[in-house]
Asker: 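This structure is in structure tokens; I'll ask about it shortly.
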Amino acid sequence: MTVRTRFAPSPTGYLHIGGARTALFCWLHARKHGGTFILRIEDTDIERSTAESVNAILEGMTWLGLEYDEGPFFQTRRFPRYREVMEQMLRDGRAYYCYCSKERLEQLRNEQMARKEKPRYDGRCRAGVPNPPAGVKPVVRFKNPQGGSIVVEDLIRGRVVFQNAELDDLIIARADGTPTYNFTVVVDDMDMKISHVIRGDDHLNNTPRQLNMLQALGVEPPVYAHVPMILGPDGSRLSKRHGAVSVMQYRDEGYLPEALLNYLVRLGWSHGDQEIFSLDEMIELFDVKDVHSSAAAINPDKLLWLNQHYLKTSDPAHIAHHLSYHLGRLGVDPSKGPDLLEVVKVQRERAKTLAEMAQNSVFFYRDPQGYDEKAVAKYLKKEIAPALQAFGERLMQCSAWDPATLHALLEETAKSGGLEFGKLAQAVRIAIAGRAVSPPIDVSLHLVGRERSLRLLHEVLEHPALKPPHHA
RNA sequence: GCUCCCUUCGUCUAGUGGCCUAGGACGCUGGCCUCUCACGCCGGUAACAGGGGUUCGAAUCCCCUAGGGAGCGCCA
């Protein structure tokens with residue numbers, strides 16, 4: 001059997017992290033079996049669908065690297081096809097016109113609820129309407145089987161049985177002739193020869209209806225796999241108040257796509273004790289049927305840890321590429337300063353995100369805007385001034401500017417000034433970075449460069465904290 | 001309300017009747033390393049939702065209860 005999976009978002013917002021995981025699972029399944037991954041945009045809700053959302057979804061997929069083999073297909077372009085199938089069903093007696101008013105339906109629903117029953121259509125028009133009310137545009141309903149049961153053999157949930165009596169005759173075409181969701185899905189899955197439907201478990205309840213329609217159309221149904229939802233860190237439904245939910249927001253906060261993907265694949269799925277998975281390993285080891293059936297809460301700390309892991313271990317050139325985007329966002333031109341690769345190598349294990357790494361690296365390219373007050377109070381003591389001065393002078397006389405030389409000079413200066421290495425290092429650090437935190441001081445000096453370092457060392461000596469008290 | 005789904009450390013999970021005084025990871029935490037911040041290394045913390053069965057033996061199988069979620073649209 002040829003494997004064909006599809007990811008079918010509706011363009012009513014950005015690509016969120018739950019959707020991204022579903023897309024990943026679909027993609028992995030297709031790749032694993034040498035199959036085809038299809039992108040289908042379910043935009044039949046014309047009111048809420050937007051072109052911006054389509055772009056946002058496409059952008060998110062691209063950033064994650066989940067390339068699709070076919071599509072994107074747009075359901076709004078397939079209306080003639082849906083109509084064709086619907087008319088066929090009408091002719092075959094698999095569907096019928098329903099003239100019931102929304103008011104009647106509303107009342108029916110209320111009565112059923114009052115009787116503590118599951119609200120559903122009572123089938124009044126099912127047997128045919130001899131005298132259709134004039135001026136009423138009918139909807140089209142599917143004739144759902146009335147007895148027996150329908151079984152969903154779900155790859156993740158196992159066998160789930162639904163009684164047909166629980167299902168009603170759902171509307172497949174609105175009064176204006178446009179098709180509804182459950183119907184378009186059925187026609188598309190059929191036409192696109194989807195072999196595996198991997199989707200959120202909020203669709204599990206739709207599956208028996210779709211199965212019944214597929215059966216009515218006489219086609220072999222796809223295999224279903226309903227993946228559980230992703231919850232917010234507090235275990236409640238994921239929403240904007242939980243912070244990042246859009247995939248692009250993760251990019252802007254400085255996550256690497258491979259870190260997000262690795263995080264997502266481990267949510268509800270595992271392979272023994274393994275935590276780190278390359279894309280190739282995921283493709284090799286992932287199997288939908290191993291996906292957990294329970295919902296999983298997102299854990300921002302673990303994502304951060306994974307991101308740092310990839311920051312520490314990926315190819316520096318790859319990191320540099322992503323880092324330059326974030327430096328750019330801070331108004332820094334990475335070509336005007338030290339080699340980005342050098343920066344990556346020294347910063348990669350001191351940042352959890354690219355955004356943080358960029359933030360920590362601007363001083364390599366630009367003078368600090370003032371000094372951190374706490375750092376000044378703690379480390380810029382008057383006693384340090386002579387040593388700072390002396391260090392500047394030694395540097396001036398030294399032509400080499402490599403970390404080892406700089407380190408030796410620093411050590412020498414501290415020793416002859418009767419200072420601890422760390423005390424002097426912190427003062428120098430404040431001078432060039434503006435704060436008490438930076439990569440090793442010798443490397444930092446090296447990357448800031450000779451000319452700018454000398455100037456900044458000179459400038460820090462003007463700081464009031466280093467000036468001797470005024471005497472009369 | 002009805003139908004369906006779910007339930008192992010705070011979180012992600014291992015576990016498919018004996019290897020479980022329940023393993024790993026994140027987090028938190030004690031220590032080591034150290035020019036700052038980090039990295040790294042060593043150690044600690046913490047769970048089978050509850051109750052009944054089945055069995056020589058149950059986290060694992062069955063039933064019930066509780067809790068959580070989803071669906072019940074001329075939304076997708």
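Proteins come first, then strands; the chains are lettered A, B, ... in the order of their sequence lines, and each starts at number 1. Just so we're clear, the structure is a prediction, and the values are computed from it rather than from any experiment.
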Asker: Answer yes or no: is there an ion pair linking A:Arg78 with A:Asp191, defined by an N-O contact shorter than 4.0 Å?
Answerer: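 Judged by the 4.0 Å cut-off on N to carboxylate O distance, A:Arg78 and A:Asp191 do form a salt bridge.
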Asker: Could you identify the nucleotide paired to B:A25, looking across every strand shown and requiring Watson-Crick or G-U wobble geometry with both distances under 3.5 Å?
Answerer: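 Pair assignment: B:A25 / B:U11.
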Asker: Reckon A:Arg237 has a side-chain N or O less than 4.0 Å from the OP1 or OP2 of B:A70?
Answerer: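 Checking A:Arg237 against B:A70: at least one side-chain N or O falls below 4.0 Å of OP1 or OP2.
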Asker: Go ahead and name the base partner of B:C39; Watson-Crick or wobble counts if both distances stay under 3.5 Å, otherwise write none.
Answerer: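 Pair assignment: B:C39 / none.
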Asker: If you measure from the P atom in B:A38 to the same atom in B:G31, how many Å do you get, rounded?
Answerer: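 Result for the P pair: 15 Å, nearest Å.
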Asker: Does B:G1 have a Watson-Crick or wobble partner in any strand here, with both distances under 3.5 angstrom, and which is it?
Answerer: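 Its partner is B:C72.
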Asker: Compare side-chain N and O positions of A:Ser438 against OP1 and OP2 of B:U36 and report whether any pair is under 4.0 Å apart.
Answerer: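 No, outside the criterion.
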Asker: Across all strands shown, which nucleotide pairs with B:A49 by Watson-Crick or G-U wobble geometry, both distances under 3.5 Å?
Answerer: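 In the structure as shown, B:A49 has B:U65 as its Watson-Crick or wobble partner.
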Asker: Taking only the side-chain nitrogens and oxygens of A:Gln308, find out if one of them lies under 4.0 Å from OP1 or OP2 of B:C39.
Answerer: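 So the side-chain polar atoms of A:Gln308 do come within 4.0 Å of the phosphate oxygens OP1 or OP2 of B:C39, strictly under.
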Asker: Starting the side chain at C-beta, find the nucleotide from B:A76, B:C6, B:C26 nearest to A:Arg157.
Answerer: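 For the A:Arg157 side chain, the nearest candidate turns out to be B:C6.
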Asker: If the glycosidic angle is within 90 degrees of 0 it's syn, otherwise anti, so just tell me which one B:C62 is.
Answerer: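 You should classify B:C62 as anti.
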Asker: If you pin A:Gly268 and A:Met229 to their nearest nucleotides in RNA chain B, which one's is more 5'?
Answerer: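 First, find each residue's nearest nucleotide; the 5'-ward one identifies A:Gly268.
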Asker: With a 4.0 Å cut-off on heavy atoms, is A:Tyr263 in touch with a base, just the backbone sugar-phosphate, or nothing at all?
Answerer: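 The residue A:Tyr263 makes no contact with any strand.
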Asker: What pairs meet the side chain to side chain donor-acceptor pair (under 3.5 Å) rule with one or both residues in residues 289-300 of chain A, with sequence neighbours excluded?
Answerer: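 For residues 289-300 of chain A, and leaving out neighbouring residues, the side chain to side chain donor-acceptor pair (under 3.5 Å) pairs sorted by first residue read A:Asp287-A:Lys289.
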Asker: Residues from residues 108-118 of chain A sitting under 4.0 Å of RNA chain B, heavy atoms only?
Answerer: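 Close to the strand are A:Arg109, A:Lys116, A:Glu117, A:Lys118.
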Asker: Can the ring centroids of A:His203 and A:Tyr181 be said to lie less than 6.0 angstrom from one another?
Answerer: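 Yes; A:Tyr181 has its ring centre under 6.0 Å from that of A:His203.
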Asker: Salt-bridged, A:Arg159 to A:Asp154, with N to O below 4.0 Å?
Answerer: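 Between A:Asp154 and A:Arg159 there is no salt bridge, as every charged N stays at least 4.0 Å from the carboxylate O atoms.
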Asker: Under 6.0 Å from the CZ atom of A:Arg124, do we count more than 12 heavy atoms belonging to anything else shown?
Answerer: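 No, the 6.0 Å shell around CZ holds no more than 12 heavy atoms from other groups.
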Asker: Determine the interplanar angle of the A:Phe286 and A:Trp269 rings, folded into 0 to 90°, and report it as parallel if under 30°, tilted if 30 to 60°, perpendicular if over 60°.
Answerer: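 Correct class here is tilted.
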Asker: Need to verify one output field. Residue with the more 5' nearest nucleotide on RNA chain B, A:Asp273 or A:Pro119?
Answerer: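 Nearer the 5' end of the strand: A:Asp273.
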Asker: For the pair made of NZ in A:Lys352 and C1' in B:C37, what is the distance, rounded to whole Å?
Answerer: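 Going from A:Lys352 (NZ) to B:C37 (C1'), I get 12 Å.
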Asker: Counting side-chain heavy atoms from CB outward, which of B:C6, B:G24, B:U13 is closest to A:His292?
Answerer: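 Nearest to the side-chain atoms of A:His292, counting from C-beta on, is B:U13.
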Asker: Please determine whether a side-chain nitrogen or oxygen atom of A:Lys102 lies at a distance below 4.0 Å from atom OP1 or OP2 of B:G73.
Answerer: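 False: A:Lys102 side-chain N/O out of range (4.0 Å or more) of B:G73 OP1/OP2.
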Asker: Is the terminal nitrogen or CZ of A:Arg141 (NZ for Lys, CZ for Arg) located under 6.0 angstrom from the six-membered ring centre of A:Tyr121 and within 45° of that ring's axis?
Answerer: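 Yes, A:Arg141 sits over the ring of A:Tyr121.
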Asker: Can a donor-acceptor pair under 3.5 Å be found between the side-chain atoms of A:Arg350 and the base atoms of B:C39?
Answerer: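 Side chain to base: no pair below 3.5 Å.
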